[in-house]
Amino acid sequence: MNLADPLPVSRDRPANRLGLPPLGFGAAGIGNLYAAVSDAAAREAVEAALAAGLTYFDTAPHYGFGLSETRLGAILPSTAKVSTKVGRLLRPAPEADPAAERHGFVAAAPFEPVFDYSYDGVMRSFEASLKRLKRDRVEVLLAHDLGPVTHGADDAMRRRQFFEGGYKAMRALRDGGATDAIGLGVNEWEICDAALDEGDFDVFLLAGRYTLLEQTVLDRFLPRCAARNVSIIVGGPFNSGVLVEGVKAGAHYDYGPASAQVLDRVRRLEAVCLAHATPLAAAALRFPSAHPQVVSVIPGLSSPAQVRQALAWAGHAIPDALWDDLRALGLLHPDAPTPRAAGKA
C-alpha cells in the first residue's frame, strides 16, 4: 500500500509554498551515522521509500562526509525533491582510519569536514553537493549547524561570517534559480529566531525542538514564523531516539544519554499512549504535523524496515482523547495544535 501522505498536512496551507510532502526521508543514516550501512543496504532503503511514494529526501555534505549525498545521487530520480546544506567544506583526509567513528559517522568517506560559512565556501560546497547528487539544482538549501551550542566561543565569528558572506551566496543561488528556498538546518531554535531579524528566509529545518517531548518554540519562535510565513521542516521527531526507545537503559535524547528528568516525562507520555493503544512513536511522528507552519516531518531512515515502520506509525489512527489527556496532564503546551479526527476542530 502506498502510504506516502499518511500525515494530515494540508497541501494548501499558506506556509507550504514549497509543495513538500508531509513525510520525508532524513538521510543522515545512509551516511553511516553511528553505524555502518553498506551501499546495497542504503540503496534498498531509498528504493523502499521511493516505492512507498516518498518524494522528499534531506541530506548534507556532513553526513558521512559526502557519502549520503553520493548514495542519493546514484538512486534518486529527477522528480524527487532534495534539500542539502552548506557551511562545511570537505578536505581530503587520506590518513583517516576507514573503520573509525569520526564526528559520529562510521566508515565514512576519506574527508574531514571544516566549517566555512563564507561566500566562497558556500558556493564551493553547493557546487560539490550538486556533483555528488547528480543534479543541477535542489529544492531547498540550508545553512548547517549555526548556533552557540555547536560553535561555542566561535559562535559570533561564525555568525558574522555567514551573514556577511554565506547568506549572500544563498540569496544569489535562490535568485538565480539554483534553489527554490533558503534557510537554516539546525538543532537550536534561537539561531533561527535571530535569523528572522537578519535576513529573508523561506524555511527552517529544526531538529528536535518541536516534538511531543518539547514545545517551547511555541512561546515565541513559531508565532514569529507564522507572521513571516516561514515554513518549518521538523527533523528529529523522536528526539534522537527516546520517543521510540521509551524509558529504558541507554535511551538517547539530543544525541546523548537521556536524563532522569527527560525519562520521567517520557514515562508519562508513554502511559497516556498505552491507555489509548497507541505506540509512543506514532504519537511523536504525528504530533508536529498539526502545526500550520510545519510542512514536512523527516525521521531518519536507513533500512526498508525503518521505512515501513515509519509509514505504519504515520498512518496509525490516533483517538482525539489521547491529545486531550496529554493536554489535561500538562504534557502539551497550551497553544500546541494537535492532529484531530476528520471533521473535528
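Values reported hereafter were calculated over all heavy atoms of this structure, with side chains retained and with hydrogens, waters and symmetry mates removed.
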Under 4.5 Å between side-chain heavy atoms, hopping through other hydrophobics if needed: is there a path connecting Leu184 to Leu89? no
For Arg159 against Pro148, the heavy-atom pair lying closest together: NH2-CD, 4.0 Å
For the side chain of Ser231 and the backbone of Val295, is there at least one donor-acceptor N/O pair under 3.5 Å apart? no
So, for Ile318 and Ala283, which heavy atoms are closest and what is the spacing to 0.1 Å? CD1-CA, 3.8 Å
Donor-acceptor pair, Arg267 side chain versus Val247 backbone, under 3.5 Å? no
Tell me whether the rings of Tyr210 and His291 are parallel (<30°), tilted (30 to 60°) or perpendicular (>60°). perpendicular
Residues, nucleotides or ligands: over 12 heavy atoms within 6.0 Å of Arg91 CZ: no
Compare every heavy atom of Ala207 with every heavy atom of Asn187, then report the nearest pair and how far apart it is. OD1-CB, 3.3 Å
For the backbone of Thr278 and the side chain of His276, can you confirm whether one donor and one acceptor N or O come within less than 3.5 Å of each other? no
Measure the acute angle between the ring planes of Phe238 and Trp313, then classify it against the limits of 30° and 60° as parallel, tilted or perpendicular. perpendicular
Indicate the atoms forming the closest heavy-atom contact of Glu188 with Leu206, along with that distance. C-CD1, 4.0 Å
Quick check: closest heavy atoms across Ala181 and Val203, and the distance to 0.1 Å? CB-CG1, 4.2 Å
So, the side chain of Gln306 versus the backbone of Ser302: is there a donor-acceptor pair under 3.5 Å, distance only? yes
Note: Asp145-Lys85 ion pair, threshold 4.0 Å (strictly below): no
Asp197 vs Arg224, salt bridge (Lys or Arg N to Asp or Glu O under 4.0 Å): CA-CA, chis, key distance, verdict: CA-CA 10 Å; Asp197 298 323; Arg224 294 194 73 204; 2.7 Å; yes
Hey, are the side chains of Val230 and Asp202 touching, using non-hydrogen atoms and a 4.5 Å cut-off? no
Do Thr211 and Gln215 have side-chain atoms, one donor and one acceptor, less than 3.5 Å apart? no
I'd like to know if the side chain of Thr338 and the backbone of Trp323 have a donor-acceptor N/O pair within less than 3.5 Å. no
Would you please indicate yes or no on a ring centroid separation below 6.0 angstrom for Phe25 and Tyr56? no
Identify the heavy atoms of Ala52 and Leu311 that sit nearest to each other, and give their distance. CB-CD1, 3.4 Å
Note, Pro61 side chain near Ser129 side chain (heavy atom, < 4.5 Å): yes
Report yes if some heavy atom in the side chain of Pro299 is under 4.5 Å from a heavy atom in the side chain of Leu23; otherwise report no. yes
Just by distance, no angles: are the side chains of Ser118 and Asp116 close enough, under 3.5 Å, to form a donor-acceptor pair? yes
Please examine the side chains of Leu72 and Leu133, heavy atoms only from C-beta on, and report whether any two atoms are closer than 4.5 Å. yes
Can Arg174 and Asp200 be counted as an ion pair, charged N to O under 4.0 angstrom? yes
Interatomic distance, CG@Leu20 vs CD1@Ile298, rounded to 0.5 Å, equals 9.5 Å
Can you see whether Arg286 engages His316 through a side-chain donor-acceptor pair at a distance of less than 3.5 angstrom? no
Does the gap between the ring centers of Tyr167 and Phe201 come in under 6.0 Å? yes
Do Asp193 and Arg220 sit within salt-bridge range, that is, some charged N less than 4.0 Å from a carboxylate O? yes
A quick test of your reading: do over 12 heavy atoms of other residues, nucleotides or ligands sit less than 6.0 Å from CD of Gln261? no
Got Val186 and Phe204 here, is their nearest side-chain heavy-atom distance under 4.5 Å? no
Are any side-chain N or O atoms of Arg327 and backbone N or O atoms of Ala336, one a donor and one an acceptor, separated by less than 3.5 Å? yes
So does Arg340 pair up with Asp324, basic N to acidic O under 4.0 Å? yes
Report the distance from atom CD1 of Ile232 to atom CG of Leu222, rounding to the nearest 0.5 Å. 5.5 Å
State whether Arg43 and Asp39 are salt-bridged, where the test is any N-O pair (Lys NZ or Arg NE/NH1/NH2 against Asp/Glu carboxylate O) under 4.0 Å. no
Test item: side-chain donor near acceptor, Ser68 and Thr59, under 3.5 Å: yes
Cationic N near anionic O, under 4.0 Å, Arg209 to Asp254: yes
Is the closest side-chain heavy-atom distance between Val46 and Arg71 below 4.5 Å? no
Distance-only polar pair, side chains of Glu44 and Ser303, donor-acceptor under 3.5 Å: no
Between Glu112 and Arg102, is there a salt bridge with N-O shorter than 4.0 Å? yes
Any residue meeting ring pair (Phe, Tyr, Trp, His ring centres under 6.0 Å) with His151, in chain and number order, not counting sequence neighbours: Phe115, Tyr117
Enter the distance from Leu326:CG to Arg268:CZ here, rounded to the nearest 0.5 Å. 10.0 Å
After noting the C-alpha distance and the side-chain angles of Phe221 and Thr216, does the key distance pass the side chain to side chain contact (heavy atoms under 4.5 Å, CB included) rule? CA-CA 9 Å; Phe221 174 59; Thr216 56; over 6 Å; no
Is the closest side-chain donor-acceptor distance between Tyr63 and Asn32 under 3.5 Å? no
Parallel, tilted or perpendicular: ring planes of Phe105 versus His62, cut at 30 and 60 degrees: perpendicular
Check whether any side-chain heavy atom of Leu130 lies under 4.5 Å from a side-chain heavy atom of Asp136, and answer yes or no. no
Arg132 side chain reached by Leu67 side chain, heavy atoms, under 4.5 Å: no
Cluster overlap Leu218 with Leu329, hydrophobic side-chain contacts below 4.5 Å: yes
Any donor-acceptor N or O pair under 3.5 Å, side chains Tyr253, Glu214: yes
Considering only NZ, NE, NH1 and NH2 on the basic side and carboxylate oxygens on the acidic side, decide whether Asp155 and Arg158 come within less than 4.0 Å. no
